[in-house]
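A quick write-up on the structure given underneath.
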Amino acid sequence: MMTSRINPLLILFTVLVYIFLMGPLIIVLGASVSDTTYLTFPPQGLTLRWFENIFEISAFKRTIITSLELAFLATGLALLIGIPAAYALNRYRIKLPSWLSTVFVLPILVPEIVLGFSLLKSVAVGMQTPIFLTLLVGHMLLVLPYCVRVVSASLASFDFSIEEAAVSLGSPPVKTFFTIVLPNVRSGVIAAFILAFITSINDVSTSLFLTGPGVSTLPIQILAHVEQFFDPTIASVSVLLMLLTVAVMSIVERTLGLTFLAK
Amino acid sequence: MLKRFAGWWLAGPATLAVLVFLILPVAATIATTFGEDGGIFAPYIAFFNSGFRRTVLWRTIEISLATTAISLVVGFLTAYVVSKSPGKLKSLLIIAAVFPLLTGVVVRSFAWLIILGKNGILNNFLVGIGAISEPLSMLYTQGSVIVAMVYLFVPLMILTLVGVLENIPDDVVQASSSLGATPAATFRQVILPLAVPGLIVGAVLVFTGSFTAYATPQLLGGERQMVMGTLMYQRAMVSFDWVGASTIAAIMVVITVAVVLAMSRVARRLNPMAT
């Protein structure tokens, strides 16, 4: 890469942009350990009591568990149906109609909030489905496009003649898929899982209409809490979510290398 | 039989899931807006006859356009510097953009609540240095929503555009400068036109994202700066006006699809690399 000289003003601008990007998150971190009953920065005194407070509020405990269950189940289901779909789209491209791949772009074209509202009307109310199940369906649809597209992208560079070689040597097709195809697109599957998981955990717009008495997700609970209380508990919950992001990024770094994120 | 339809068997469950749980429910939502008494467009006529709702639609468009324009400029200039940075620094800068992107909308909007509040950090600071005598009310203004939205979308823009800028071959840039173009001229006449398709992709993502946003306008705009997303929630869950909410949903879908289709056509026409 040629390193041409960059205008110093541009460099200064970039530094300011990164302060703008990092500053608010550092402020949340600072506010979460402040020994005051209100949100402030720089923190006055140091305490972890706001972190303990999260687990004393039962609504937070409950919604953290719901959000984790939801993210694992929705991502698992989306991969379960998404990987075969991605495989079919690549392997049988000629036999399948061309509009089929467009189907998996549709969820991106439909605003999330519209998906949530429509599921409330047609599924939760229309079919009397339990609220958690409707949430699960919503989150599965939310993350399905990531699963199909990311796995599809890594299957696109997979040489299907390897698979044919295994089958012609007598390996049963299903076994071939698990021993030959899947290991070769491992990085795509991991990437899809991580993107889907983090999308589900952070989702507001789809879940908004699909929470009810007793069942809610963490982001929705945070929104409700902020409207009534303005204490550092929310800052400490936010820090927990940031730690999750750090964990996710370090998994990506270990398995795929962080340059992967730049793509 | 099984073999002939193998593709369908494998793609079937996912296709069916999208059809049954996405296409049909959304179509049903849109359909309910046309079956009302008082003419088939009655809910739309009611929407556009209400001055308040017209204001909300216009405000949402304004906020989304401002967010898109600012994110484009900030994202493009930053991405340019990032793409020119040496290896180690570049990965660091990319990680620093990915981190906020992966941190949720609620957390990132909440951060601005701490900064812009009446007793927030910015007010305390400004009073502290004597720039103002009374705390300003910065929350629940259009500006506060735009700032938080820009904060939300700049990382996405940077990452999209770094990818685009890295794909511009070095040869064309070198050719331009060896033919005597100044760096500024190369930037304007070579790099910028080549980045246009990427800029359009970024702009579409940001515009549709801000047009349908809920959490950020809810936290930083509240009832005073109602936008389409918060109005839809209010119609559905506070007023139980499901037809009204469905009408807003339909308008959102139409605008999203129209913007995506129109811009992808523009992108194809403006792509200088396309033959």
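Quick note on labels: first sequence line is chain A, next is B, and so on, each numbered from 1. Here the structure is a predicted model, which is why all the values come from computation and not from measurement.
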Original post:
Who among B/Ile23, B/Leu93, B/Val74 has the most heavy-atom pairs with chain A under 4.5 Å?
Top reply: B/Leu93

Original post:
Under 6.0 Å between ring centres, would you say that holds for A/Phe117 and B/Tyr233?
Top reply: no

Subject >> Side chains of B/Lys84 and A/Leu10 in contact at under 4.5 Å (non-hydrogen atoms) >> reply: no

Original post:
Who wins among B/Gly209, B/Ala97, B/Ser246 for the most heavy-atom pairs under 4.5 Å with chain A?
Top reply: B/Ser246

**OP:** Examine whether an atom of A/Ile201 lies under 4.5 Å from a heavy atom of chain B, and if so say whether it belongs to the side chain, the backbone or both; otherwise answer neither.
**Re:** neither

Subject >> Distance (rounded to the nearest 0.5 Å) between B/Phe21 CZ and A/Leu144 CG >> reply: 12.0 Å

**OP:** Mind ranking B/Val105, B/Val154, B/Leu113 by heavy-atom pairs under 4.5 Å with chain A and telling me who comes out on top?
**Re:** B/Leu113

Subject >> B/Val81 vs A/Phe13 side-chain heavy atoms within contact, under 4.5 Å >> reply: no

**OP:** Determine whether A/Leu21 and B/Phe99 make a side-chain contact, defined as any pair of heavy atoms from C-beta on separated by less than 4.5 Å.
**Re:** no

Subject >> B/Leu77 vs A/Thr14 side-chain heavy atoms within contact, under 4.5 Å >> reply: no

Original post:
Considering only heavy atoms, which portion of A/Leu25 lies under 4.5 Å from any heavy atom of chain B: side chain, backbone, both, or neither?
Top reply: both

**OP:** Go through the atoms of B/Pro183 and report whether side chain, backbone, both or neither lie under 4.5 Å from a heavy atom of chain A.
**Re:** neither

**OP:** Work out which heavy atom in A/Leu141 is nearest to a heavy atom in B/Ala17; give both atom names and the distance.
**Re:** CD2-O, 3.8 Å

**OP:** For residues A/Tyr18 and B/Thr78, determine if any side-chain heavy atom of one lies less than 4.5 Å from a side-chain heavy atom of the other.
**Re:** yes

Subject >> Heavy-atom pair count under 4.5 Å with chain B, highest-scoring of A/Pro84, A/Pro107, A/Ser205 >> reply: A/Pro84

Original post:
Of the backbone (N, CA, C, O) and the side chain (C-beta and beyond), which part of A/Tyr38 lies under 4.5 Å from a heavy atom of chain B, both, or neither?
Top reply: neither

Original post:
Looking at A/Ala88, A/Pro24, A/Ala78, A/Gly82, which makes the most heavy-atom pairs under 4.5 Å with chain B?
Top reply: A/Pro24

**OP:** Look only at the side chain of A/Asn202 and the backbone of B/Leu102, and say whether a donor-acceptor pair between them is shorter than 3.5 Å.
**Re:** yes

Original post:
Mind checking whether B/Trp242 and A/Val125 have side chains closer than 4.5 Å, heavy atoms only?
Top reply: yes

Original post:
Rounded to the nearest 0.5 Å, how far apart are CG of B/Leu22 and CG of A/Leu106?
Top reply: 7.0 Å

**OP:** Please state whether the side chain, the backbone, both or neither of B/Val260 comes within less than 4.5 Å of a heavy atom of chain A.
**Re:** side chain

Original post:
Of the backbone (N, CA, C, O) and the side chain (C-beta and beyond), which part of B/Met252 lies under 4.5 Å from a heavy atom of chain A, both, or neither?
Top reply: both

Original post:
Where does A/Leu109 contact chain B at under 4.5 Å (heavy atoms): side chain, backbone, both or neither?
Top reply: both

Original post:
For A/Tyr87, is it the side chain, the backbone, both, or neither that has a heavy atom closer than 4.5 Å to a heavy atom of chain B?
Top reply: side chain

**OP:** Go through the atoms of A/Ala235 and report whether side chain, backbone, both or neither lie under 4.5 Å from a heavy atom of chain B.
**Re:** both

Subject >> Portion of B/Ile158 that has a non-hydrogen atom of chain A nearer than 4.5 angstrom >> reply: side chain

Subject >> Which portion of B/Val259 sits near chain A, non-hydrogen atoms under 4.5 angstrom >> reply: neither

Subject >> A/Leu208, part contacting chain B, at a heavy-atom distance under 4.5 Å >> reply: both

**OP:** Below 4.5 Å from any heavy atom of chain A, which atoms of B/Val26 appear? Answer side chain, backbone, both or neither.
**Re:** both

**OP:** Let me know if A/Val110 has heavy atoms under 4.5 Å from chain B in its side chain, its backbone, both or neither.
**Re:** side chain

**OP:** Please determine, among A/Val248, A/Leu115, A/Val239, the option with the most heavy-atom pairs under 4.5 Å with chain B.
**Re:** A/Leu115

Original post:
Can you name the nearest heavy-atom pair linking A/Met249 to B/Val98, along with the distance?
Top reply: CE-CG1, 3.9 Å

Original post:
Mind checking whether B/Phe110 and A/Leu223 have side chains closer than 4.5 Å, heavy atoms only?
Top reply: no

**OP:** Below 4.5 Å from any heavy atom of chain B, which atoms of A/Ser118 appear? Answer side chain, backbone, both or neither.
**Re:** both

Subject >> Which atoms of A/Ile234 approach chain B - backbone, side chain, both or neither, heavy atom under 4.5 Å >> reply: both

Subject >> Largest heavy-atom contact set with chain B, pairs under 4.5 Å, which of A/Glu112, A/Met140, A/Lys121 >> reply: A/Lys121

Subject >> Proximal component of B/Ala27, with respect to chain A [non-hydrogen, under 4.5 Å] >> reply: neither

Subject >> Side chain proximity check, B/Thr15 to A/Leu100, heavy atoms < 4.5 angstrom >> reply: yes

**OP:** Working to the nearest 0.5 Å, report the span between CD1 of B/Ile114 and OG1 of A/Thr40.
**Re:** 9.5 Å

Original post:
Does the pair B/Trp112 and A/Phe20 meet the rule for a ring pair (Phe, Tyr, Trp, His ring centres under 6.0 Å), with working shown?
Top reply: CA-CA 11 Å; B/Trp112 284 98; A/Phe20 171 71; 5.7 Å; yes

Subject >> chain A interface, residue from B/Gly87, B/Pro25, B/Ala184 that has the most non-hydrogen pairs under 4.5 Å >> reply: B/Pro25

Subject >> Exercise: identify the closest heavy-atom pair between A/Met22 and B/Pro100 >> reply: CE-CD, 3.9 Å

